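Numbers for residues simply follow the sequence, beginning at 1. Every value quoted in this text rests on a predicted model; they were computed, and no experiment measured them.
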Amino acid sequence: AHEVVLTETVVETLEQFETEEAERIINKLGIGDFPGHFLDRLKNHPGYKLRIGDFRILIDWDKDNDVIYAIDAFEPKKEYRELGKYREVWGVVAR
């Protein structure tokens, strides 16, 4: 199984959600031995997304070390346009 690491950013975001929503997201992050089945590659961005109901979790997947990093959680209709702020996570300089 893959190790799942919650970043400080996603923890802060989940603290703003209702308890039930936050618990659901944390429980769904345990995607087991087949993350490729659950993760969708993002267009024009080096990360992945995990769909959990009305929310999306921004993911960095370290395939070599079997680690999944949950970067942030958001509602897609509001926040896909803001993904540029995460480019430093992958070493890409935002313009």
Student: For Ile71 and Thr9, which heavy atoms make the closest approach, and how far apart are they?
Tutor: O-CB, 3.5 Å

Student: Which heavy-atom pair separates Lys28 from Leu50 by the least distance, and what is that distance?
Tutor: O-CD2, 4.0 Å

Student: With a 4.5 Å heavy-atom cut-off, do Leu6 and Leu29 have their side chains touching?
Tutor: yes

Student: Could you tell me the separation between the CZ atom of Arg56 and the CD1 atom of Ile25, rounded to the nearest 0.5 Å?
Tutor: 10.5 Å

Student: State, yes or no, whether a side-chain contact exists between Leu58 and Phe74 at a heavy-atom distance under 4.5 Å.
Tutor: yes

Student: Phe55 vs Phe17 aromatic rings, parallel, tilted or perpendicular, using cut-offs 30° and 60°?
Tutor: tilted

Student: Do you know which two heavy atoms are closest between Trp61 and Pro35, and how far apart they sit?
Tutor: CZ2-CG, 3.4 Å

Student: Please walk me through it: do Ile31 and Leu39 pass side chain to side chain contact (heavy atoms under 4.5 Å, CB included)?
Tutor: CA-CA 9 Å; Ile31 54 181; Leu39 299 178; 4.1 Å; yes

Student: At what distance, to the nearest 0.5 angstrom, does CD1 of Ile57 lie from CZ of Phe38?
Tutor: 14.5 Å

Student: How many angstroms lie between CZ in Phe34 and NE2 in His2, if you round to the nearest 0.5 Å?
Tutor: 10.5 Å

Student: For the CG atom of Asp62 and the OH atom of Tyr69, what is their distance to the nearest 0.5 Å?
Tutor: 5.5 Å

Student: Starting from the C-alpha separation in whole Å, work towards a yes-or-no answer on side chain to side chain contact (heavy atoms under 4.5 Å, CB included) for Glu12 and Glu8.
Tutor: CA-CA 6 Å; Glu12 289 172 2; Glu8 204 173 299; 3.7 Å; yes

Student: Taking all atoms of both residues into account, what is the closest heavy-atom pair of Ala70 and Ile59, and its distance?
Tutor: CA-CD1, 4.0 Å

Student: Which distance, rounded to the nearest 0.5 Å, do you find between the CD of Glu3 and the CG of Asn65?
Tutor: 9.5 Å

Student: Where is the tightest heavy-atom contact between Ala73 and Leu14, given as atom of each residue plus distance?
Tutor: CB-CD2, 4.3 Å

Student: Do the side chain of Arg41 and the main chain of Pro46 share a donor and acceptor less than 3.5 angstrom apart?
Tutor: yes

Student: As an exercise, state the distance from CD of Glu18 to CD of Glu23, rounded to the nearest 0.5 Å.
Tutor: 11.5 Å

Student: Considering only heavy atoms from C-beta outward, does the side chain of Arg24 approach that of Ile52 to under 4.5 Å?
Tutor: yes

Student: May I ask you to check whether Thr13 and Asp72 show a side-chain donor-acceptor distance below 3.5 Å?
Tutor: yes

